[in-house]
2 protein chains.
Amino acid sequence: MSKPERTYSISDFAQEFDTTTRAIRFYESEGLLAPARDGQKRIYTHADYVKLKLIMRGKRLGWTLAESRELIEMYDPSGNQAQYKRVLEKIAESRERMQHQLHEIEQAMMELDAQEKRVKAAMKKQLK
Amino acid sequence: MSKPERTYSISDFAQEFDTTTRAIRFYESEGLLAPARDGQKRIYTHADYVKLKLIMRGKRLGWTLAESRELIEMYDPSGNQAQYKRVLEKIAESRERMQHQLHEIEQAMMELDAQEKRVKAAMKKQLK
DNA sequence: AACCAAGTTGACGTTTACGTCAACGTAACT
DNA sequence: AGTTACGTTGACGTAAACGTCAACTTGGTT
């Protein structure tokens, strides 16, 4: 009695994520996605949706596809105790990387604020 | 009576920023740097140091060299009122982009936290 | 003088992440 | 049956960001 999950076509995904079918197939060829098939057609589920969302966000944050693939693999369960431990380690590594990025962006924004003040001051001075 | 500023060679920079001389020359060819010359040798100053630092950080945040070049240009004064206004607009644009990145990283980190909890719970369950 | 370290300018090669055809399959209308 | 829309798998092309030589210069060192 499980509700029939919503599915998506490859062009549904392309529109939804403002990308191309070519790119989506490429991610699959690189092992980031593995959609079901209806004949030869790809059928995407909500799980694929989540993964692609992660991929696209990763792109905007400058992550490589290899890094996003690592992250995706962390979100797969599949494990004994040793595997779980490895996942926890990878999570810790990822957290450090993200923390570092976070810090660098905050830094960049502060410098931007400072520069804005300088420019505004220069404008006032020039108007006197 | 201005103090003689410290200068750097291209390999000084390569070491300092953990990159290569080739990359640094490439940034120059792309218009991101414009060091002075002593004969044919490049002489870098603190201003160049700041710019390269910005470039490298940009790389870690997934910015293109074109984007970093735009940022660098914002940090050059050189302007009448119209130019200043344009710079302020660009600063506003950059701030929005950075804010968006900031938000997405925070999001990613929260998901990482959630996943960590799930994995730890799965480990405990397995041990019972 | 000979040599070595560090620098220079081409020029071509490479990796990542797709774009762009071409040639074909298939389901749904008309 | 014919067309249209959407999908498929190759295969080759491309932009960004350098890597990797090759051939040369230049300033000290033995």
Side-chain angles (χ1 to χ4, degrees), chain A residues 6-45 48-49 51-73 94 97 101 104 108, chain B residues 6-45 48-49 51-73 94 97 101 104 108:
Chain A
R6 195 207 151 168
T7 63
Y8 309 79
S9 73
I10 192 166
S11 46
D12 287 341
F13 263 24
Q15 280 196 23
E16 185 82 18
F17 291 99
D18 192 29
T19 182
T20 66
T21 59
R22 176 64 180 93
I24 297 173
R25 285 194 202 94
F26 179 69
Y27 302 148
E28 179 177 349
S29 77
E30 293 294 303
L32 291 124
L33 295 173
R37 297 277 179 140
D38 169 24
Q40 61 170 4
K41 284 186 184 172
R42 292 168 172 82
I43 303 294
Y44 297 90
T45 67
D48 297 313
Y49 187 99
K51 289 179 186 178
L52 187 46
K53 199 170 174 184
L54 195 151
I55 295 169
M56 301 309 281
R57 186 176 60 198
K59 289 197 42 154
R60 290 188 294 271
L61 294 174
W63 306 349
T64 65
L65 290 185
E67 287 169 331
S68 290
R69 180 174 46 210
E70 281 256 308
L71 266 181
I72 287 175
E73 285 164 0
S94 296
R97 270 202 73 228
Q101 277 197 310
E104 295 208 294
Chain B
R6 196 208 150 168
T7 63
Y8 309 79
S9 73
I10 192 165
S11 46
D12 287 342
F13 264 23
Q15 281 197 23
E16 186 81 18
F17 292 99
D18 192 28
T19 181
T20 66
T21 60
R22 176 66 180 90
I24 296 173
R25 285 194 203 97
F26 179 70
Y27 301 148
E28 180 177 348
S29 78
E30 293 293 304
L32 293 128
L33 295 174
R37 296 279 179 139
D38 170 23
Q40 61 170 4
K41 285 185 183 172
R42 292 168 172 82
I43 305 293
Y44 297 90
T45 67
D48 296 314
Y49 187 99
K51 289 179 186 178
L52 187 46
K53 199 169 173 185
L54 195 151
I55 295 168
M56 300 310 282
R57 186 177 60 197
K59 290 199 43 162
R60 290 188 295 272
L61 294 175
W63 306 349
T64 65
L65 290 185
E67 287 169 332
S68 291
R69 181 174 44 210
E70 282 255 308
L71 267 182
I72 286 176
E73 285 164 1
S94 297
R97 269 203 75 228
Q101 277 197 310
E104 295 207 294

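As the structure is a computational prediction, the values presented were derived from the model and not from experiment. By convention in this document, chain letters (A, B, ...) are assigned in the order of the sequence lines, proteins followed by strands, and residues within each chain are numbered from 1.
Atom CG of A:L52 is separated from atom P of C:dA17 by 15 Å (rounded to the nearest Å). In this structure, the OH atom of B:Y8 is 15 Å from the P atom of C:dG7, given to the nearest Å. Atom-to-atom, CD1 of B:I43 to P of C:dG7 comes out at 10 Å; the value is rounded to the nearest Å. Atom CZ in B:R37 sits about 13 Å away from atom P in C:dG7, given to the nearest Å.
Here the shortest heavy-atom pairing between A:T21 and A:A14 reads N-CB, 3.9 Å. Counting all heavy atoms, side chain and backbone alike, A:Q101 lies closest to B:R60 at NE2-O, 2.9 Å. Residues B:G62 and B:E67 share a closest heavy-atom pair of O-OE1, 4.4 Å. A:E28 and A:L33 get closest at one heavy-atom pair: CG-O, 3.5 Å.
Heavy-atom distances under 4.0 Å link DNA chain C to A:T20, A:R22, A:A23, A:F26, A:Y27 of residues 12-31 of chain A, given in residue order.
In this structure, OG1 in A:T19 is found 4.5 Å from CE in A:M56, a value given to the nearest 0.5 Å. Taking CG from A:L32 and CG from A:D48, the interatomic distance works out to 11.5 Å, rounded to the nearest 0.5 Å.
At the phosphate of C:dT8, OP1 or OP2 sits under 4.0 Å from a side-chain N or O atom of B:R42.
For B:Q40, taking side-chain heavy atoms from C-beta onward, the closest of the listed nucleotides C:dA17, C:dT8, D:dT9 is C:dT8.
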Polar atom pairs (N or O), protein with nucleotides 4-6 of chain C, under 3.5 Å:
none

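For the ring-ring contact (aromatic ring centres under 6.0 Å, His included) with A:Y8, the qualifying choice from A:Y44, A:F17, A:Y49 is A:Y49, the only one to do so.
Not a single salt bridge (charged side-chain N to carboxylate O under 4.0 Å, His left out) links B:R69 to another residue, sequence neighbours left out.
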